[in-house]
K.L.:
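Below is one structure. I have some questions about it.
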Amino acid sequence: MNQYDVVIIGAGVTGCAVARYLSRYDLKILVIEKEEDVCSGSSKANSGIVHAGFDALPGSMKARMNVRGSRMMKSLSEELDFPYENNGALVLCFDQADMGELRKLYERGIENGVEGLEILSAEELHRKEKNVSASAVAALWAPASGIVCPFSLTIALAENAAANGVEFVFLQSVSSVEKTGSCFTVRTDRDCCSAKSVVNCAGVYADRIHNMVCEGKLEIVPRRGEYVLLDKEVGNLVSSTIFQLPGPYGKGVLVTRTVHGNLLVGPNAQDIPDKEANETTLEGMEDVKARALKSVPDIPYNKMITSFAGLRVHPSDGDFIIGEAEDCEGFYDCAGIESPGLSSAPAIGEYLSDLIAEKYGYSKKKNFIPTRKGFVSGGGSVVCRCENITEDQIVDAIRRNPGARSLDGIKRRVRQGMGRCQAGFCTPGAMEILSRELGIPMEEVCKNRPGSEMLR
Amino acid sequence: MIVIIGGGPAGLAAALSAKENGADKVLILERDCRLGGILNQCIHNGFGLHTFKEELTGPEYAQRYIDRVLEAGIEFKLNTMVTHISAEREVTYVNSQEGTVTVKADAVILAMGCRERPRGALNLAGYRPAGIYTAGTAQRLMNIEGYKVGNRVVVLGSGDIGLIMARRLTLEGAKVELVAELLPKSGGLKRNIVQCLEDYGIPLKLSHTVTRVYGKNRVTGVDISQVGPDLRPIPGTEEHYECDTLLLSVGLIPENELSKSAGVKLDSKTGGAVVGDNLETSVPGIFSCGNVLHVHDLVDHVSEEAETAGFYAAEFVKKLWKEN
């Protein structure tokens with residue numbers, strides 16, 4: 001049985017961030033992921049916003065991690081070579097009667113330590129964003145807000161962790177975690193290992209993992225959010241990220257440019273018991289589209305290129321659960337990491353790794369590699385015409401560690417198939433490269449996990 | 001030099017016509033590894049009735065033009081993707097031998113063809129499993145690469161490619177459960193409805209659409225609903241069909257991203273360039289023909305139109321040379 005200092009369960013953005021920051025220490029670390037790749041759960045389908053940090057309640061873990069994570073993101077994007085843009089965000093207020101709420105948000109932001117917040121008059125707002133609805137009477141301007149590619153962030157963290165010695169296993173689902181003495185035994189459907197500490201970054205399944213070893217039970221309710229994505233042609237409809245005043249189900253429907261230049265609209269919020277139900281619904285998409293028009297009336301929905309749904313990891317008590325479990329020494333949770341989880345990920349990784357290192361007296365390694373280089377930018381013939389992605393880029397995506405093992409893995413690394421034809425043209429080409437590079441027959445090429453074979 | 005973007009039926013015919021009308025230097029830039037474009041994957045017959053007064057398959061039709069292009073000594077580059085065209089007719093292309101190259105053309109003929117509308121443009125609810133293909137992608141995988149995409153198939157859209165693929169899949173042993181068409185009338189050719197659906201007993205349901213996709217990994221089924229006169233699904237009319245593949249044949253969009261980079265004015269109705277009788281676009285010296293101009297039903301018409309574009313492009317360069 002392989003022995004590790006730390007086993008991390010889940011290779012989403014949180015798990016990969018914990019792995020990356022823990023890899024600064026001289027430790028043997030394993031990340032176990034049930035899907036075929038990193039960034040396959042909640043991390044893959046969200047707004048891609050680096051929130052400034054004015055939403056979370058002052059003093060909460062969310063507020064602390066968000067503000068710190070947001071401040072870390074720019075330098076991290078330079079170290080790990082992933083796209084990040086500081087485009088700023090606006091929260092629109094449509095009614096003079098709600099000005100109190102807007103002001104509350106402003107004050108909360110100040111209390112959380114968010115820099116540069118300003119309340120803009122209607123005139124100032126419309127000067128800044130000419131396509132925002134004329135019915136907005138004021139807005140909160142948060143210049144610290146940014147946009148990031150969730151895939152690139154997660155993949156960069158994972159690659160850098162791997163470069164620093166972290167091992168990854170995929171397609172293994174954790175079936176039990178047991179504590180015997182001061183050690184944990186982690187069993188998967190295929191293997192087992194022992195660990196001095198376990199970090200639970202299992203996303204929507206964090207309650208199951210936690211409840212395997214802890215008496216104090218957790219409950220995570222997936223909260224589905226649906227999005228529509230529009231062609232790059234209309235990405236410049238807005239420059240900053242446009243929110244509406246938040247309601248009881250989170251920050252509401254936003255309209256934003258993505259870091260790659262598309263226009264993203266969404267999400268709605270619906271609690272659902274099924275932890276895998278990331279399907280879109282007709283009603284949901286119509287609802288999201290209609291609500292976004294309140295912020296930006298001229299969204300050209302005929303330029304839609306795709307729609308998707310993600311599952312937020314909503315904790316029953318509202319705050320992130322980060323730290324050592326009260327009744328199980330050595331077991332650490334990063335649970336309930338809903339929005340602003342992406343923004344918080346670097347801070348969570350840093351905080352939790354320092355917490356573990358401090359407790360066990362781990363020392364930092366001298367040969368830590370702090371940087372990682374992004375994918376090659378071209379070379380070879382063009383495979384994906386919409387995004388201009390070449391064969392060399394796809395090969396690079398596959399040969400990385402951890403590398404792409406599926407069409408979705410390639411797509412999330414180098415954007416093959418992400419464009420306006422949505423992989424209509426390049427699917428056969430990408431399948432052939434994957435088959436050749438992995439040495440598998442075409443019939444075994446999958447869209448993502450086994451069972452999603454492209455051919456029948 | 002006249003640079004022709006695309007080596008499909010439009011590009012080939014335009015090149016020949018330009019050369020025959022006195023443009024001695026013509027260059028075809030083709031992104032695929034062979035000339036002929038989409039015709040290469042259209043292995044069914046029915047091409048060339050107007051042009052050659054006989055029924056050819058797609059590759060046969062293309063070959064007649066390719067032979068003439070070779071004979072005429074027209075230069076072409078394969079595996080070459082054009083990434084930008086300027087209003088001054090500077091064409092930038094990329095390939096693995098030369099890297100990124102920009103050439104200055106005296107005239108440019110846009111012959112990039114069209115692309116298929118993807119699922120994402122359809123408001124199609126449900127999961128996003130493997131097994132959802134546009135008809136053309138499935139056609140390429142089957143007819144060029146030699147792979148079967150599925151065993152039980154529902155086709156959405158009764159455009160010609162969808163109809164032809166329904167027959168093609170049937171001939172390869174797949175069961176095509178039905179073809180659903182949103183509109184009250186099929187957009188496909190009558191002969192294709194008869195020869196591809198009726199002859200094989202494949203039902204065609206007009207005023208129906210797919211409203212939900214099932215299957216988390218691979219498609220396991222779809223819901224088909226009837227639509228009202230407003231083309232919106234009527235609640236309560238859902239019928240479930242089990243299938244492992246959903247084929248989409250829901251429209252073609254002229255591929256004008258490069259035209260836009262040159263500042264070519266587009267027609268919002270056709271999705272193609274605004275052109276005069278000589279097929280010149282709003283940018284002097286840039287011509288457009290074939291499916292990138294507007295989607296054609298018959299390739300014969302594409303060839304004919306491309307000959308016109310080639311002729312006027314040759315006239316344009318001859319005038320340019322005389323002036324200089």
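Chain letters run A, B, ... following the sequence lines, proteins first and then strands; every chain starts at 1.
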K.L.:
What heavy-atom pair brings B:Tyr147 and A:Met442 nearest, and what distance separates the two atoms?
P.N.:
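Result for this residue pair: OH-CG, 3.1 Å.
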
K.L.:
Heavy-atom distances under 4.5 Å only: say whether B:Ile132 touches chain A with side chain, backbone, both or neither.
P.N.:
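No part of it gets close to chain A.
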
K.L.:
What part of A:Glu286 gets closer than 4.5 Å to chain B, counting heavy atoms only: side chain, backbone, both or neither?
P.N.:
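For A:Glu286, the contact with chain B is made by the side chain alone.
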
K.L.:
Anything in residues 379-391 of chain A with a heavy-atom distance to chain B below 4.5 Å? Please list those residues in order.
P.N.:
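So the qualifying residues are A:Gly380, A:Ser381, A:Val382, A:Arg385, A:Asn388.
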
K.L.:
With a 4.5 Å limit on heavy-atom distance, are the side chains of A:Phe425 and B:Thr137 in contact?
P.N.:
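They are not in contact (no side-chain heavy atoms under 4.5 Å apart), so the answer is no.
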
K.L.:
Pick one of side chain, backbone, both or neither for B:Arg212, based on which atoms fall under 4.5 Å of a heavy atom in chain A.
P.N.:
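Contact with chain A involves the side chain of B:Arg212 alone.
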
K.L.:
Which atoms of A:Met454 are under 4.5 Å from chain B, going by heavy atoms: the side chain, the backbone, both sets, or neither?
P.N.:
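Both parts, backbone and side chain.
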
K.L.:
Is it the side chain or the backbone of B:Gln97 that comes within 4.5 Å of chain A heavy atoms, both, or neither?
P.N.:
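When you check distances to chain A, no heavy atom of B:Gln97 falls under 4.5 Å.
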
K.L.:
Where does B:Arg232 contact chain A at under 4.5 Å (heavy atoms): side chain, backbone, both or neither?
P.N.:
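Interface part for B:Arg232: side chain.
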
K.L.:
Is A:Ala309 in contact with chain B via its backbone, its side chain, both, or neither, using a 4.5 Å heavy-atom distance?
P.N.:
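Answer is neither: A:Ala309 stays 4.5 Å or more from chain B.
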
K.L.:
Please state whether the side chain, the backbone, both or neither of B:Arg115 comes within less than 4.5 Å of a heavy atom of chain A.
P.N.:
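Contact with chain A is through both the backbone and side chain of B:Arg115.
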
K.L.:
Which of these, B:Glu257, B:Glu116, B:Glu255, sits in a salt bridge (Lys or Arg N to Asp or Glu O under 4.0 Å) with A:Arg420?
P.N.:
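Running salt bridge (Lys or Arg N to Asp or Glu O under 4.0 Å) over B:Glu257, B:Glu116, B:Glu255 with A:Arg420 returns exactly one hit, B:Glu257.
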
K.L.:
Check each atom of A:Glu432 against the heavy atoms of chain B and say whether the ones under 4.5 Å are side chain, backbone, both or neither.
P.N.:
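Only the side chain of A:Glu432 comes within 4.5 Å of chain B.
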
K.L.:
Grab the two heavy atoms, one from A:Pro428 and one from B:Arg140, that are nearest each other, plus how far apart they are.
P.N.:
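A:Pro428 and B:Arg140 have their closest heavy atoms at CG-CD, 3.8 Å.
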
K.L.:
Side chain, backbone, both or neither: which part of A:Lys303 has a heavy atom under 4.5 Å from chain B?
P.N.:
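For A:Lys303, neither part sits under 4.5 Å from chain B.
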
K.L.:
Please examine the side chains of B:Val149 and A:Arg456, heavy atoms only from C-beta on, and report whether any two atoms are closer than 4.5 Å.
P.N.:
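Answer no - side chains too far apart.
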
K.L.:
Is any side-chain heavy atom of A:Gln422 closer than 4.5 Å to one of B:Arg119?
P.N.:
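No; the side chains remain at least 4.5 Å from each other.
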
K.L.:
Which region of A:Ile305, side chain (C-beta onward) or backbone (N, CA, C, O), has a non-hydrogen atom less than 4.5 Å from a non-hydrogen atom of chain B, or is it both or neither?
P.N.:
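When you check distances to chain B, only backbone atoms of A:Ile305 fall under 4.5 Å.
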
K.L.:
Looking at CG of A:Asn448 and CZ of B:Arg128, how far apart are the two atoms once the value is rounded to the nearest 0.5 Å?
P.N.:
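The CZ atom of B:Arg128 is 9.5 Å from CG of A:Asn448, to the nearest 0.5 Å.
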
K.L.:
Do A:Met431 and B:Glu145 make a side-chain contact, defined as non-hydrogen atoms from C-beta onward lying under 4.5 Å apart?
P.N.:
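No, every pair of side-chain atoms sits at 4.5 Å or beyond.
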
